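What you see is a predicted model; the values in this text were computed from it and never measured.
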Amino acid sequence: MARRTQELGRFTDVALLVLISLAEGQKHGYRMITDIEEFSGTALEPGTLYGALMRLEERGWIEAVESAERRKPYRITERGRDALREQLATLRRVEQAGARRVAWGQA
């Protein structure tokens with residue numbers, strides 16, 4: 001995903017990206033990394049992802065899923081979905097305020 005404003009860097013919160021990824025269905029770490037890069041253009045390092053997974057699991061927003069495979073899948077919990085909905089609503093308000101202010105500044 002190419003960006004025209006590379007110098008601004010990435011405005012991301014890893015926990016938010018993980019919750020968005022898991023809202024689609026359970027995934028293991030590598031699949032989350034590739035999914036997040038596909039939808040956001042953000043390339044996560046495994047250590048960054050696993051730190052976020054640990055924090056999200058401690059909050060009860062995600063949980064590990066039993067698996068016979070070597071890879072450990074995770075899924076979002078209802079508390080996690082509620083937190084995601086709240087964060088997305090906040091981001092919409094921020095986006096709307098930013099769009100209004102940019103338009104106002106051009107007047």
Can you confirm whether Leu16 sits close enough to Leu91 that some side-chain heavy atom of one is under 4.5 Å from a side-chain heavy atom of the other?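 A side-chain contact under 4.5 Å exists here.
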For the hydrophobic clusters of this structure (ILVMFWY residues joined by side-chain heavy atoms under 4.5 Å, transitively), does one cluster hold both [X] and [Y]?
X	Y	result
Ile20	Tyr50	yes
Leu56	Tyr30	no
Leu44	Met54	no

**Report entry** Sequence neighbours excluded - side-chain hydrogen bond (donor to acceptor under 3.5 Å, both in side chains) pairs with any residue from residues 82-94
**Finding:**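 Listed once each, the pairs are Asp82-Arg85, Thr90-Arg93.
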Nearest heavy atoms of [X] and [Y], plus distance in Å:
X	Y	answer
Leu53	Tyr74	CD1-CE1, 3.7 Å
Leu17	Ser40	CD2-CB, 4.0 Å
Ala52	Val18	CB-CG2, 4.5 Å

Atom [atom1] in [X], atom [atom2] in [Y]: separation rounded to 0.5 Å?
X	Y	atom1	atom2	result
Met32	Gln26	CE	CD	10.0 Å
Gln96	Arg101	CD	CZ	12.5 Å
Arg31	Leu22	CZ	CG	11.0 Å
Leu19	Leu88	CG	CG	9.0 Å

For residues 60-69, which side-chain donor-acceptor pairs fall under 3.5 Å, sequence neighbours excluded?
residue : atom : partner : partner atom : Å
Glu63   : OE2  : Arg75   : NE           : 2.7
Glu63   : OE2  : Arg75   : NH2          : 3.3
Ser67   : OG   : Glu69   : N            : 3.1

Can you pull the salt bridge (charged side-chain N to carboxylate O under 4.0 Å, His left out) pairs that have at least one residue in residues 17-30, sequence neighbours excluded?
->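 Matches after skipping sequence neighbours: Glu24-Lys27, Lys27-Asp35.
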query: Between Leu49, Thr34, Ile36, Ile33, which is the residue that forms a side chain to side chain contact (heavy atoms under 4.5 Å, CB included) with Ser21?
result: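 Per the side chain to side chain contact (heavy atoms under 4.5 Å, CB included) rule, the option paired with Ser21 is Ile36, out of Leu49, Thr34, Ile36, Ile33.
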Worksheet item: Just by distance, do the side chain of Arg59 and the backbone of Arg79 share a donor-acceptor pair under 3.5 Å?
Response: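 Judged by distance alone, no pair lies under 3.5 Å.
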